[in-house]
Peer 1: 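Below you will find the structure I want to go over with you.
What you are looking at is a predicted structure, and each value in this text was computed from that prediction instead of being measured. Because only heavy atoms are used, hydrogens play no part in the values below, and waters and symmetry mates are left out as well, while side chains stay in. Residues: numbered from 1 along the sequence shown.
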Amino acid sequence: MNVTTSEIMRKGMECLTQQMGIVEAEQFISVIIREKFDYTKWQRDYFDKKSPEEISKEASEYEKSHPFTGNAIRL
């Protein structure tokens with residue numbers, strides 16, 4: 001399935017605005033641009049500080065608070 005750049009951007013903006021609101025979404029984008037944000041480095045730094053047990057616990061807690069219902073949201 002090939003997704004166009006504009007479709008990815010539309011979905012991303014929709015996710016950001018739904019979760020953060022328009023003002024915080026715009027602030028987030030501004031920080032990403034200004035700080036030359038490297039998601040891969042951030043993710044590595046974030047997860048390298050956690051033990052496998054912590055990651056597993058957080059994943060379990062997330063799954064409990066966001067149970068899979070089989071009804072995926074299609075954007």
Peer 1: Taking the basic N atoms (NZ, or NE/NH1/NH2) and the acidic carboxylate oxygens, is any pair closer than 4.0 Å for K57 and E53?
Peer 2: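 Looking at E53 together with K57, the answer is no, because their closest N to O distance does not fall below 4.0 Å.
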Peer 1: Atom CZ of R34 and atom CD1 of I32: how far apart are they, to the nearest 0.5 Å?
Peer 2: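 That separation rounds to 10.0 Å.
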Peer 1: Do Y39 and I55 belong to the same hydrophobic cluster, where Ile, Leu, Val, Met, Phe, Trp and Tyr are linked whenever their side-chain heavy atoms lie under 4.5 Å apart, directly or via other members?
Peer 2: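 Linked within one cluster.
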Peer 1: Got a second to check how far K50's NZ is from D45's CG, nearest 0.5 Å?
Peer 2: 12.5 Å
Peer 1: Linking I/L/V/M/F/W/Y whenever their side-chain heavy atoms sit closer than 4.5 Å, directly or via other members, would M9 and V3 fall into one cluster?
Peer 2: no
Peer 1: Do L16 and I22 come within less than 4.5 Å of each other through their side chains, counting heavy atoms only?
Peer 2: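 Side chain of L16 against side chain of I22, heavy atoms only: no contact under 4.5 Å found.
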Peer 1: Does the side chain of M13 come within less than 4.5 Å of Q18's, by heavy atoms?
Peer 2: no
Peer 1: Roughly how far, to the nearest 0.5 Å, is CG of D48 from NZ of K41?
Peer 2: 10.0 Å
Peer 1: CD/E54 to CZ/F47 distance, rounded to the nearest 0.5 angstrom?
Peer 2: 11.0 Å
Peer 1: So, are R10 and E7 salt-bridged, with charged N and O less than 4.0 Å apart?
Peer 2: yes
Peer 1: Suppose we screen for side-chain hydrogen bond (donor to acceptor under 3.5 Å, both in side chains). Which residues come up paired with K49, at least two apart in sequence or across chains?
Peer 2: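 In terms of side-chain hydrogen bond (donor to acceptor under 3.5 Å, both in side chains), with neighbours along the sequence ignored, K49 is linked to no residue.
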Peer 1: S65: what forms a side-chain hydrogen bond (donor to acceptor under 3.5 Å, both in side chains) with it, not counting sequence neighbours?
Peer 2: none
Peer 1: Say whether V31 and W42 are linked into one hydrophobic cluster, either directly or through other cluster members, by side-chain heavy-atom distances under 4.5 angstrom.
Peer 2: no
Peer 1: If you round to the nearest 0.5 Å, how far is CD of Q27 from CD1 of I29?
Peer 2: 11.0 Å
Peer 1: Check whether any side-chain heavy atom of Q19 sits under 4.5 Å from a side-chain heavy atom of E24, and report yes or no.
Peer 2: no
